[in-house]
> 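Have a look at this one.
Worth knowing before you read on, the calculation uses all heavy atoms, side chains too, and leaves out hydrogens, waters and symmetry mates. Since the model is a prediction, treat every value here as computed from it, not as a measurement. Proteins come first, then strands; the chains are lettered A, B, ... in the order of their sequence lines, and each starts at number 1.
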Protein chains: 2
Amino acid sequence: MNRFAEMHCSIAQAAGVVAEPWSPLILRDLYLGLRRFDDLARDLGISRNLLAQRLGRLTAAGVVEKVVYQERPVRHEYHLTEAGRDIVPALMTLMAWGDRWATPPGGPPALLVHSCGRPFSPVVTCPHCGGSVDADSVSVLPGPGAAPGPGTWVLAGAQEV
Amino acid sequence: MNRFAEMHCSIAQAAGVVAEPWSPLILRDLYLGLRRFDDLARDLGISRNLLAQRLGRLTAAGVVEKVVYQERPVRHEYHLTEAGRDIVPALMTLMAWGDRWATPPGGPPALLVHSCGRPFSPVVTCPHCGGSVDADSVSVLPGPGAAPGPGTWVLAGAQEV
DNA sequence: CTCTTAAGTTCAGAATCCGTACTCACTGTG
DNA sequence: CACAGTGAGTACGGATTCTGAACTTAAGAG
């Protein structure tokens, strides 16, 4: 649909889903328990027009599914799919960044509480050593699917980094 | 600038930075070591016009800084700021999601190697218990900055989730 | 001189976005 | 039955934004 989908870059793929205006907020609302078209439109203040289009794209991308909750008249609601629920931690990581660097006046608007019982701010870690992941503790190598193309010349070419 | 900036939601704040078309890819390229305007334009295939505008916004948002690397003629390059480097793990989390759910043909285009020496896929965890964070292991509560407004009615109102 | 490089800016046209108003299929009320 | 109401969208048009190509400015190189 958009040109990002054609790039050989997983960030571009994810961006295709998450980096359209409104999409991350729609996903957040679905995660928080909203399901109905009108509720989403009301909560976000998005035009119904655009909401319908975004939900269509999110559905096509496989992160949202449309479920009939009543026949006669037929009515739908929207749920996150497994892929959709899997993107939630990434949104929380973004939220944590927003809290650190662009806190709205009054402090963080939301608190996350983990199943261990404590409020927390999500941290990105390496599953092998458990150490934290930041810009300096990681190096990026071309993977099996690396192919020269728009958005991937950097990776495909050698690194003078 | 855009309306997201006014929402009392840290996801919206982060989205204002990261969820504009091209912005995540620009940040990725800067992280990978590209610094020059022409290199970015060439790598991404973005119009120079829009690249200039995006770099301007990213600079205004404080994630990118413009550095003079030579006088006569004066030439600039772009670096990630501390806030910019801090958003990198969030991008990696998105990348990992893209790898899981929308792998480009041929496999992942990039591999991440942690400072512990092993290739890894980033995981989001709770800093207190070290347990992993997913959609089911977290509950969301209104925080100190929660205020009813567009994009935050859900949080401000009670949860029937 | 003329050519090249870096870093943009300007412009017209195409593609999106977004708000308002409308539709469609029913349901419940009198 | 007629009529207002609700949920889930479409239709339409003006306002933005994006694209691609050409132009600019300020050097240094041949």
> Enumerate the residue pairs fulfilling ring pair (Phe, Tyr, Trp, His ring centres under 6.0 Å) with a member in residues 109-145 of chain A, sequence neighbours excluded, ordered by first and then second residue.
A:His114-A:Phe120

> Round to a whole Å and report the spacing from CG of A:Asp39 to C1' of D:dA8.
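Rounded to whole Å, this separation is 12 Å.
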
> Between B:Asp43 and B:Arg36, does any side-chain N to carboxylate O distance fall below 4.0 Å?
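Result for this pair is no, no salt bridge flagged.
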
> Each residue besides B:Val68 in its hydrophobic cluster should be listed here, by chain and number; the cluster joins Ile, Leu, Val, Met, Phe, Trp and Tyr at side-chain heavy-atom distances under 4.5 Å.
B:Val74

> Side-chain polar contacts of residues 102-110 of chain A - donor-acceptor pairs under 3.5 angstrom, sequence neighbours left out - could you list them?
from, atom 1, to, atom 2, distance (Å)
A:Thr103, OG1, A:Asp99, O, 2.5

> Does D:dG9 have OP1 or OP2 under 4.0 Å away from a side-chain N or O of A:Lys66?
yes

> Which whole-number value in Å describes the distance from B:Ile26 CD1 to D:dC18 C1'?
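One finds 13 Å between C1' of D:dC18 and CD1 of B:Ile26, rounded.
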
> Suppose the criterion is salt bridge (charged side-chain N to carboxylate O under 4.0 Å, His left out): which pairs have a residue in residues 106-129 of chain B, not counting sequence neighbours?
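Every pair satisfying salt bridge (charged side-chain N to carboxylate O under 4.0 Å, His left out) with a residue in residues 106-129 of chain B: there are none.
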
> OP1 or OP2 of D:dA8 versus the side-chain N and O atoms of A:Tyr69: is any pair under 4.0 Å?
yes

> State whether A:Gln53 places a side-chain N or O below 4.0 Å from either non-bridging phosphate oxygen (OP1 or OP2) of C:dC17.
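Looking at the OP1 and OP2 atoms of C:dC17, one of them is under 4.0 Å from a side-chain N or O of A:Gln53.
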
> So, OP1 or OP2 of C:dC17: does either fall under 4.0 Å of a side-chain N or O from A:Arg57?
yes

> Nearest whole angstrom, please: distance from the P of C:dA7 to the NE2 of B:His76.
9 Å

> D:dA8 C1' sits how many Å from A:Leu34 CG, rounded?
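Those two atoms, CG and C1', are 16 Å apart.
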
> Grab the two heavy atoms, one from B:Ile11 and one from A:Leu25, that are nearest each other, plus how far apart they are.
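It is CG2-CD2, 4.1 Å.
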
> Measure the distance from CZ on A:Phe4 to C1' on C:dT16 and round it to the nearest whole Å.
13 Å

> Check whether any side-chain N or O of B:Tyr78 sits under 4.0 Å from OP1 or OP2 of C:dG8, and answer yes or no.
yes

> Over how many whole Å does the gap from A:Arg36 atom CZ to D:dG9 atom P extend?
12 Å

> If I take atom CG in residue B:Asp38 and atom P in nucleotide C:dT9, what distance separates them, rounded to the nearest angstrom?
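In whole Å, C:dT9 P lies 13 Å from B:Asp38 CG.
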
> For nucleotides 19-30 of chain D, read 5' to 3', which letter fits each nucleotide if B means a protein heavy atom sits under 4.0 Å from the base, S means only the sugar-phosphate is that close, and - means neither?
BB-----BSS--

> Rounded to whole angstroms, how far apart are CG on A:Leu40 and P on D:dG7?
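Atom CG in A:Leu40 sits about 13 Å away from atom P in D:dG7.
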
> Suppose the criterion is ring pair (Phe, Tyr, Trp, His ring centres under 6.0 Å): which pairs have a residue in residues 42-91 of chain A, not counting sequence neighbours?
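Matches after skipping sequence neighbours: none remain.
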
